[in-house]
Amino acid sequence: MATRTIKVDYLTRVEGEGALYVKIDGDRVEDLQLRIFEPPRYFEGLLRGRDFREAPDITARICGICPVAYQTSAVNALEAAAGVAPTPAIRALRRLMYCGEWIQSHALHVYMLHAPDFLGYPSGMALAKDAPDIVERGLALKKAGNALMAAVGGRAVHPINWCVGGFYRAPERHELDGLTDQLKRARDIAAQTVRWVSGFDFPELEQPYIFVALRDDARYPMEGGRIAASTGLDIPVADYPAHFVEHQVPYTTAKHAYLTETGQPYLVGPLARLALNVRKLTPGARHALAVSGLDLPCRNPYRSIIARAVEILFACEEALRLIADYAPPNPPAVPVPPRAATGHGASEAPRGLLYHRYRMDAEGIIQDADIVPPTSQNQAMIEADVRAFIAHNADLDDASLQWRCEQTIRNYDPCISCATHFLNLRLDRGTGTP
Amino acid sequence: MIALGNPARGDDGFGPAVLDALRKTSPTAGDLHRAGDDALALLDLWADRPWVIAIDAADTGATPGTHRRLDVADGFLPAGPARVSSHGFGLAEAVELGRRLGRLPRRLIVHSAAGACFAAGAGLSPAVAAAVPSTAEAVRRDIAALETTAAAAAPDA
């Protein structure tokens, strides 16, 4: 039977640069490699020897889309190492800013990067030509998220107001009150977004996911919590290294991640968060989810766009609640004296669980660091999804198969800059030049 | 006037360098902005402006330092690899998206210089650094001409 190769040299509509190579024999995938080919960025190395108070600002530069996630996981880990807990008011302000990041990141992905796949457009730009009103909705959502990040963090990209222990400055009430109308409009657009994406046609695919996400007794997970999995696992973040293992594979500069006990890949991100935490959603988000027809746990990766839209709505509602309840934390930060210790921290980046570990000495100098971003954790699962899709759809012509392979990868909103960088697809059916 | 680019990425710092030159030599030039990494924010930054001048480095393969002036009303910006922008979204994409959404300033002029090296920490290459003063001067001339035109078009007080 003929073999063929699909090659995509630069995958578009993902953050960063990478490639996909697939070799197919009939309906059997002989080889499949998701190649993240940009060089490593050595963030863990350059953190060594730095003062622990620098970690949030240094790690924020890993990603321009999800800097708050890096800042949050870093301060969680360093405060745990120091044995200091921030006040509830500080934690609430962190959560508010995290809402802004979810809104802007999810809106960009849903409208500009992922929706074109379902509507038959090559790009968000092409969609804007035929449906400018739709793209305007996405831009309005993104703008609301950016405004929230700027109000709390000082600027929308790489915010500068975070510190270990809290914030350099707490915004005044009136500074946040000014966002309320914009967030209410965003909330309405988000509800409309859930209805819109729920009507898309979704390719058939069911995957045996193991869902992994943070879990918090009181809230939908965002700025902290315990680590839970659909296997029944429920552990403090400090136990992450005992249950999850990273593995270097030769064709990619990002590591794969597996469950230590079974060696299985796992899924992080919106579908995992919803599967493990649906009852913690805000009322409007819960209602929108029910109307959307998304049954949980959802094991169809293409429907992650619905989960992402539901989370935009949740983040708008949550931000409005936090602003209504807001009282500036006073003081804006608690003292965090260094001590020789190791700390673990995690938070829910838009793309999923983000884990940090730091070991510092008695003077607060970082001795070593470990950062495990969500796209790294999802990498093995992305490959499994593409492999499964091809196995069921090998009769598609090359162009259609390539489109679907890229769409399958975009289900994850992969952030290659974080993982380290990402995409280019080669589909090899052995019939032509690879 | 909006300067785009990241000074930490070699010749991508061309726009900010021109902005700095304008601030030094024309401190009253007024409405000068540094665009951040989010090119989508340009749509808001230039919304409702009668005219905007954008300055950016270009990766065109032309001789490094080659200056180009383009009135967006006259043609399309060549889209290319927006190497430092998230999701490959740069000035050219922002202009085209603005055109499709009806969110361009009434007049948009782009000044660019062809870059040679966009490596992290490389600084401006000599040819691109040499293009900074002449580009700043060209921008000053554009500002003067546009202000004159705007004043002439304004209704009498």
Side-chain angles (χ1 to χ4, degrees), chain A residues 10-17 38-39 41-42 61 63-67 104-105 107-109 111-114 123-147 149-150 154-159 410 413-418 421-423, chain B residues 2-10 12-13 15-16 33-49 59 72 75-105 108 117-122:
Chain A
Y10 278 95
L11 211 80
T12 57
R13 283 184 277 137
V14 298
E15 159 59 27
E17 293 175 6
E38 289 210 5
R41 298 165 75 199
Y42 304 114
R61 265 62 178 184
C63 184
I65 306 290
C66 55
Q104 62 87 12
S105 175
L108 178 67
H109 186 258
Y111 277 90
M112 299 300 288
L113 309 176
H114 207 194
S123 66
M125 195 76 71
L127 175 62
K129 186 177 181 190
D130 288 351
D133 53 327
I134 288 176
V135 172
E136 289 282 12
R137 286 202 318 245
L139 295 179
L141 278 176
K142 187 174 187 306
K143 190 175 175 183
N146 282 357
M149 290 177 73
R155 60 188 186 192
V157 180
H158 300 145
R410 281 192 285 268
D413 188 10
C415 189
I416 293 162
S417 308
C418 294
H421 258 290
F422 199 23
L423 219 134
Chain B
I2 303 172
L4 296 100
N6 182 349
R9 298 296 296 258
D12 199 40
H33 295 268
R34 272 275 301 275
D37 296 332
D38 184 1
L40 282 173
L42 288 171
L43 298 184
D44 292 319
L45 198 53
W46 65 39
D48 304 322
R49 304 274 182 165
D59 187 14
V72 167
F76 289 84
L77 284 177
R83 62 180 66 214
V84 296
S85 297
S86 293
H87 302 289
F89 206 89
L91 176 61
E93 289 77 14
V95 168
E96 289 319 308
L97 188 58
R99 200 193 301 271
R100 288 167 192 203
L101 298 178
R103 287 170 62 174
L104 282 179
L108 175 59
C117 173
F118 295 88

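Everything numeric in this text was worked out from a predicted model, so none of it was measured. To find a chain, count down the sequence lines: A is the first, B the second, and so on, and within it residues start at 1. As a basis for the values below, the full set of heavy atoms in this structure was taken, side chains included, without hydrogen atoms, waters or symmetry mates.
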- Task: Please round to the nearest 0.5 Å and tell me the distance separating atom NZ of A:K142 and atom CG of B:L40.
- Result: 5.5 Å
- Could you tell me which non-hydrogen atom of A:M125 sits nearest to which non-hydrogen atom of B:R100, and how far apart they are? O-NH1, 2.7 Å
- Query: Picking from A:D130, A:D133, A:L139, which has the most non-hydrogen pairs under 4.5 angstrom with chain B?
  - Reply: A:L139
- Heavy-atom distance under 4.5 Å to chain A: side chain of B:L101, backbone, both or neither? both
- Heavy-atom side-chain contact between B:L97 and A:M112 under 4.5 Å: yes
